[in-house]
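Comments concern the structure below.
All values derive from a computational prediction rather than experimental measurement. Lettering of chains follows the sequences in order, A, B, ..., and the numbering in each one begins at 1.
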Amino acid sequence: MSETSRSLNFIEHIIEEDLSKGFPENKLRFRFPPEPNGYLHIGHASSICLNFGLGLKYEAPVNLRFDDTNPSKEEQEYVDAIKRDVSWLGFEWDTECYASDYFQQLYDWAIILIKQGKAYVDSQSSEDIALQKGTPTEPGKASPFRNRSVEENLQLFEDMKDGKFKEGEHVLRAKIDMASSNMLMRDPIMYRILHKPHHRTNTDWCIYPMYDWTHGESDYIEQVSHSFCTMEFAMHRELYDWFLDQVVKETKVRPKQREFARRNFSHTVVSKRKLLKLVESGVVTGWNDPRMPTISGLRRRGYTPESIKAFANTIGIAKRDNVVDVSLLEFHVREHLNKIAPRVMAVLNPLKLVITNYPEDQEEWLEAENNPEDEAAGSRKVPFSKELYIEQEDFREEANRKFFRLKLGGEVRLKNGYIIKAESCTKDTNGNIIEVQCTYDPKSKSGSGTEESLRKVKGTLHWVSVKHAIQAEVRLYDRLFTEETPDTHQEKDFMDFINPDSLKVINAFLEPSLASAEVGEKFQFQRMGYFNVDKDSTPEKLVFNRTVGLRDTWAKLQVKN
RNA sequence: UGGCCUAUGGUGUAAUUGGCAACACAGCUGGUUUUGGUCCAGUCGUUCUAGGUUCGAGUCCUAGUAGGCCAACCA
């Protein structure tokens, strides 16, 4: 689809309208402003694609700005992870910025506000301040310190900065309107004292600016034209504008905040607080656990940047509440992986198959196509012999016509190999089938062109030669939560809905070509799904993650019956 | 009981700004296929409610209903 024919989302409409009203296109500038207090998740991917996508569309710079005003939650590890994730998605930021770079400017502006009588030092406890704030239906009451003299405010604020007070002793507040229907306008706090080292400014500061005082001014300093954030900040816009009013010069671009709805996804949570809890409680192995909806988790799971970006484009951007079904994300990985992933054969649940009329010591290396979707992918050889593994689910003693797989007396093709017929099977003392005996038609070899090779049989099975197979650990993932919306129940905690079977580790048998597979490499295990090599993998012990299964109409039929 | 935001198929978004409600996913039915994959064809189903303006309303107005957000020295 061409860029020009695509319909615009409401954000693009806003930009187009500004442009048509005369805003110069070369002054367009955007930013992606994460707080480095956790890893980026799939919801952030939407925001990243929005902002950087806009940058690409209008050839405008996009800054990566870390909103690092709270040293008690923020860490360098998160900064590094965020940069890695944005880059991995394929975006390039214009300037790497930090709100902490603006601490001095913010401080200087705060002094001006104090001098203008628009800010004051409040020396009450946070409890008292909260009490005076009123409620949504009742106006707040003025602080007894609201009318301190400018001189006193200046002195106190300087002393705050100089570390003469303990945490919580004083705060700097903007003097706005204690009766505003918008609670955020009731003299919001601009600075608090925090005797904590910051990951960038270390102990240079012991007063830290609050979000509202920082964000709009940072946008202004960077000359960001359009500042997009999620809906929960809608009420903050009035304050954003008020703070901007105090500093803007008409010769410069005045940033405009607009809000869009955050993305919710079925069967998972997307809130850094909740994701942190999953990490800290040990439910998952870390922020990059393949079950996590984080960008690092998806990357490790085997998702591609292309698939995530295509997904983000498809779900678009709007203002209403939403729950995006994971199947849409899965569709996009399958779509991409189908085009690029080499096909290989791997047996996840082995059942031994013995070809009774195949010579004991014979082996053949059969030609196998690497990717039917990509001729350039070429082909490889896979070893065939008398004893093979097939999937347990692919054999039944008896079955109806709907079962296209192997059954006693029935025929099936072994992918890239021969047509076989099941003759008998043996069971253990518990009645479990442990081996199937079959015969093969030597003339039916795939690609040989013989009449027999052209015969149509309904089923085709993947297989692996027992003697040539290599073993690997395979990690099968399922959704992390059993509930579609685990965090929307009033009485239950989202942790109550954790799926105990979200990870299943098995030992699988793979065709030998996989021995040299490298970390991150992606494959389609034919008829099984898409898999990639996990970072835990070593040449001695391969480890694969299942990214996503294939679309499985057979499984659907089974569920119905 | 205050303020702000939102409401279009099962899900997510569109609708040339007042002019035949469209796209993708999911579902269902067939076809092709040496992957029950891919691909192809078909099918299902929608403007929260009630009024109003208009030749004409998803779009504008009024009232209602439902959902989300707001009383952190978090962002």
Side-chain angles (χ1 to χ4, degrees), chain A residues 1 6-9 13 33-35 37 67-70 72-74 122 125-126 129-131 133-140 167-173 180-184 186 189-194 207-208 210-212 214-215 229-238 259 261 263 266 272-273 311 313-332 334-335 338-339 343 345 369 372-373 402-405 412-417 419 446-447 453-454 456-462 524-529 549-557:
Chain A
M1 179 144 41
R6 216 191 80 226
S7 57
L8 305 180
N9 61 46
H13 279 295
E35 181 191 10
N37 66 341
D67 226 332
D68 55 350
T69 57
N70 186 358
S72 54
K73 284 186 182 171
E74 297 150 6
D122 197 340
S125 68
S126 64
I129 290 175
L131 246 35
K133 202 146 200 189
T135 69
T137 49
E138 312 158 32
E167 288 185 15
E169 272 189 78
H170 307 278
V171 290
L172 184 73
R173 289 228 257 171
S180 172
S181 60
N182 183 351
M183 303 284 292
L184 292 160
R186 324 245 260 225
I189 292 168
M190 294 172 68
Y191 277 94
R192 76 287 213 192
I193 299 168
L194 244 34
I207 54 170
Y208 290 92
M210 300 289 288
Y211 166 84
D212 289 297
T214 310
H215 204 91
C229 59
T230 44
M231 294 293 288
E232 59 267 33
F233 292 98
M235 296 295 290
H236 293 246
R237 189 151 109 199
E238 191 180 357
E259 310 82 19
R263 289 299 173 182
S266 66
K272 280 191 272 189
R273 203 201 93 235
F311 168 73
N313 280 332
T314 302
I315 62 176
I317 205 88
K319 295 182 83 164
R320 54 178 163 171
D321 291 333
N322 57 81
V323 181
V324 182
D325 201 297
V326 282
S327 66
L328 193 49
L329 218 205
E330 292 178 343
F331 163 79
H332 284 285
R334 288 197 189 102
E335 186 184 46
N338 177 50
K339 291 200 189 83
R343 317 288 137 123
M345 293 197 284
E369 195 179 16
E373 304 297 314
K402 286 276 180 66
F403 187 76
F404 301 161
R405 308 177 181 192
V412 93
R413 173 172 293 279
L414 293 176
K415 179 83 183 169
N416 306 311
I419 294 174
S446 288
S453 74
L454 267 16
K456 298 286 177 198
V457 286
K458 194 61 191 169
T460 301
L461 308 185
H462 64 280
Q524 184 197 97
F525 288 0
Q526 279 181 118
R527 304 209 302 136
M528 294 284 103
L550 257 26
R551 198 165 148 262
D552 193 347
T553 43
W554 169 241
K556 280 175 204 156
L557 277 174

| said: On RNA chain B, compare the nucleotides closest to G134(A) and K456(A); which residue's is nearer the 5' end? | reply: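 Between the two, 5'-proximity favours K456(A).
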| First encountered from the 5' end of RNA chain B, between H170(A) and T553(A) |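 It is T553(A) whose nearest nucleotide is closer to the 5' end.
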| Do E238(A) and N182(A) get their side chains close enough for a donor-acceptor pair, meaning under 3.5 Å? |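 A donor-acceptor contact under 3.5 Å links the two side chains.
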Could you go through nucleotides 11-13 of chain B and list every protein N or O atom that sits under 3.5 Å from one of its N or O atoms, giving the distance for each pair?
unit_1	atom_1	unit_2	atom_2	d
U11(B)	O3'	V323(A)	O	3.1
U11(B)	O2'	V323(A)	O	3.1
G12(B)	OP1	V323(A)	N	3.0
G12(B)	O3'	R263(A)	NH1	2.8
G12(B)	O2'	I315(A)	O	2.9
U13(B)	OP1	R263(A)	NH1	2.9
U13(B)	OP1	R263(A)	NH2	3.0
U13(B)	OP2	R320(A)	NE	3.3

| query | Does any donor-acceptor pair link the side chain of E238(A) with the base of G3(B) at a separation under 3.5 Å? | reply |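 In this structure, the two groups form no donor-acceptor pair.
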| query | Taking N and O atoms by type only, does the side chain of E369(A) place a donor or acceptor under 3.5 Å from a partner on the base of U34(B)? | reply |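 No, the side chain and the base share no sub-3.5 Å donor-acceptor pair.
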May I ask you to verify if any side-chain N or O of [X] is less than 4.0 angstrom from the OP1 or OP2 atom of [N]?
{"X": "R192(A)", "N": "C74(B)", "answer": "yes"}
{"X": "H236(A)", "N": "C5(B)", "answer": "no"}
{"X": "R551(A)", "N": "U38(B)", "answer": "yes"}
{"X": "K556(A)", "N": "G27(B)", "answer": "yes"}
{"X": "T69(A)", "N": "A75(B)", "answer": "yes"}

| field | F331(A) vs F311(A), ring-ring contact (aromatic ring centres under 6.0 Å, His included): CA-CA, chis, key distance, verdict | value | CA-CA 9 Å; F331(A) 163 79; F311(A) 168 73; over 10 Å; no
| task | Would you check, one step at a time, whether the test side-chain contact (heavy atoms from CB on, under 4.5 Å) holds for H215(A) with C229(A)? | result | CA-CA 11 Å; H215(A) 204 91; C229(A) 59; 5.9 Å; no
| message | Both atom distances under 3.5 Å, Watson-Crick or G-U wobble: I'd like the secondary structure of RNA chain B as a dot-bracket string, with | for pairs made across strands. | response | .((((((..((((.....[..)))).(((((.......)))))....(((((..]....))))))))))).....
| Whole angstrom value for the distance that separates P of C5(B) from CZ of F233(A) |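 Going from F233(A) (CZ) to C5(B) (P), I get 17 Å.
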Distances for protein N/O vs nucleotides 45-47 of chain B N/O pairs under 3.5 angstrom?
none

| query | Does the ring of F331(A) meet both stacking tests against the six-membered base ring of A24(B): centre distance under 5.5 Å and plane angle under 30°? | reply |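 The ring of F331(A) is not stacked on A24(B).
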